[in-house]
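Working notes, beginning with the structure itself.
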Amino acid sequence: MGSKALQKYLTENLEDLRSKGLYNQIDTVVGGNGPVIEIKDKKLVNLSSNNYLGLARNKRMIDASIKATEKYGVGAGAVRTINGTLDIHDELEEKLAKFKHTEAVIVFQSGFNCNMGAVSAVMTKKDAILSDALNHASIIDGCRLSGAKIIRFEHADMVDLRNKAKEAKESGLYEKVMVITDGVFSMDGDIAPLPEIVKIAKEFDLITYVDDAHASGVLGWHGSGSATHHNLVGKIDFQIGTLSKAFGVVGGYVAGSKDLIDWLKVRARPFLFSTSMTPGSAAAILEAINILTENDDLVKKVWENGNYLKKGLKELGFNIGHSETPITPCIIGDAEKAQEFSRELFKEGVYAKSIVFPTVPLGTARVRNMPTAAHTKEMLDEALAAYERVGKRLGII
């Protein structure tokens, strides 16, 4: 039967989540993840994927993955520090470093692992971290794991950041102080004010750490991220990115100085104690970098589609917040209402998941839309028509 205490805890808390509309039902996609997906025998315009550039089903990348798998096998066979570093891993890190305009790169098994490993490899109980109030959960967990004092500053508030940086440095309590932020915030789609953050960091000798999970493939030169977007190449200590969103595969990376990457390779625990990225994944990512380097057509297309959807939703009367990127939230407010809205969209042929607490603050529940480069105008028009029908039916517009 197992533990009665555990069963009681699970039953009570699951019932509580369901009663408040906070329980997330996981849907199963039949086939691949593209601009149109199939769930429960229903074809749906997919507006909930992080596959920004549509590369998850790219033929060149699939072929590269198959070729590498045939050459190396399905797995690397060990952790990187024993004999799990294959030449294709070295090639990937070298090519990513060039793409990011940094001295070096280290690849992790996921973006979450990057934040868990990188922060704690450098920051300790003797240090402090200035963290944006809306930072991603993996950043928060990475900061907690480090043991450093966490000092939150109001979201994108540079006056608050400067005041807290000044206080932290002048207190004399900390050996090092880091400022950490998302480059693009995944729930609202706004862009971090990095030029101001870097200016404050220089004034107070702060370590700068930017998580580009939602900026990689979207911002900057050919989608290379926040540093090139803001003309800050060489001025950010840690650049974090995922390889599972715009790149369409899986994994994450940290880009920075050679000394930083050398340090992470001997101190970042997820890197030290997890088996390497599969050769097939590494090969697919290498081909994705080739595609992005050749031209920026896909980056331009995701912005074109994002702007088109934003304009349509705003004209219909939806509250899309202050997004500055293709990420387009429709803020409903009430969690149960947001979940009902998502369910009604499903009936109308659109897959757009509701986002509720604790992913977003209470009272700001929303349906988040992620248009990709693979969507056609016809697909987006179909989605907008569904939004109009559901919005009127539920009294939201």
Side-chain angles (χ1 to χ4, degrees), residues 22 24 47-52 111-112 115 130-141 143 152-161 179-197 209-220 223 225-226 229-230 240-242 245-246 302-303 305-335 337-339 341-342 345 352-372 383 387 391 396-397:
L22 300 178
N24 181 35
L47 291 177
S48 284
S49 172
N50 288 324
N51 182 27
Y52 287 118
F112 205 113
N115 285 327
L130 300 162
S131 178
D132 188 287
L134 294 187
N135 275 339
H136 189 265
S138 62
I139 296 175
I140 295 168
D141 286 356
C143 292
R152 294 204 329 167
F153 62 92
E154 293 300 318
H155 175 55
D157 187 330
M158 295 300 95
V159 173
D160 192 38
L161 172 60
V179 56
I180 189 165
T181 182
D182 278 297
V184 170
F185 290 88
S186 62
M187 292 299 119
D188 293 285
D190 55 327
I191 299 172
L194 282 181
E196 292 86 352
I197 290 173
Y209 187 114
V210 178
D211 185 330
D212 256 356
H214 290 271
S216 296
V218 177
L219 292 185
S226 293
H229 176 77
H230 294 285
I240 314 303
T242 62
K245 294 181 171 64
V302 74
W303 277 93
N305 283 344
N307 291 333
Y308 185 83
L309 184 66
K310 268 191 175 67
K311 182 175 182 289
L313 289 172
K314 193 171 183 179
E315 288 176 350
L316 287 172
F318 287 99
N319 175 10
I320 63 170
H322 305 287
S323 174
E324 302 170 88
T325 61
I327 297 170
T328 306
C330 277
I331 302 170
I332 308 298
D334 178 74
K337 193 78 168 179
Q339 292 198 343
F341 192 90
S342 178
L345 283 175
K353 287 285 282 186
S354 59
I355 309 292
V356 300
F357 180 83
T359 306
V360 294
L362 286 169
T364 67
R366 65 200 61 190
V367 173
R368 184 182 60 163
N369 301 280
M370 312 282 271
T372 73
Y387 259 94
I396 294 172
I397 57 171

key: Verdict with reasoning, Asp211 to Asn115, per side-chain contact (heavy atoms from CB on, under 4.5 Å)   = CA-CA 8 Å; Asp211 185 330; Asn115 285 327; 2.7 Å; yes
note = So NZ of Lys353 and CE of Met370: to nearest 0.5 Å the spacing works out to 14.0 Å
Side-chain heavy atoms of Phe357 within contact of Thr364, under 4.5 Å = no
task = Return yes if some donor-acceptor pair links the side-chain N/O of Asp132 with the main-chain N/O of Ala156 below 3.5 Å, else return no.
result = yes
ask   = Side chains of Asp190 and His155: do they bring a donor and an acceptor to under 3.5 Å?
value = yes
request  = Report yes if the side chains of Glu324 and Val184 come closer than 4.5 Å at any heavy-atom pair, otherwise no.
outcome  = no
message = Can you tell me how the ring of Phe341 sits relative to the ring of Tyr387, calling it parallel under 30°, perpendicular over 60° and tilted otherwise?
response = tilted
request  = With the side chain counted from C-beta on, respond yes when Asn135 and Thr181 share a heavy-atom pair under 4.5 Å apart, and no when they do not.
outcome  = yes
key: Asp182 side chain vs His136 backbone, donor-acceptor pair below 3.5 Å   = yes
inquiry  = Keeping Ser216 on the side-chain end and Gly241 on the backbone end, is there a donor-acceptor pair under 3.5 Å?
reply    = no
ask   = Going by atom types alone, do Asn51 and Thr372 pair a side-chain donor with an acceptor below 3.5 Å?
value = no
ask   = When rounded to the nearest 0.5 angstrom, what distance separates OG in Ser342 from CZ in Arg368?
value = 12.0 Å
ask   = Heavy-atom distance under 4.5 Å between the side chains of Arg366 and Asp188, does that happen here?
value = yes
message = Side chains of Trp303 and Leu219, heavy atoms from C-beta outward: is any pair under 4.5 Å?
response = yes
ask   = Do the non-hydrogen side-chain atoms of Thr325 and Ile191 ever get within less than 4.5 Å of each other?
value = yes
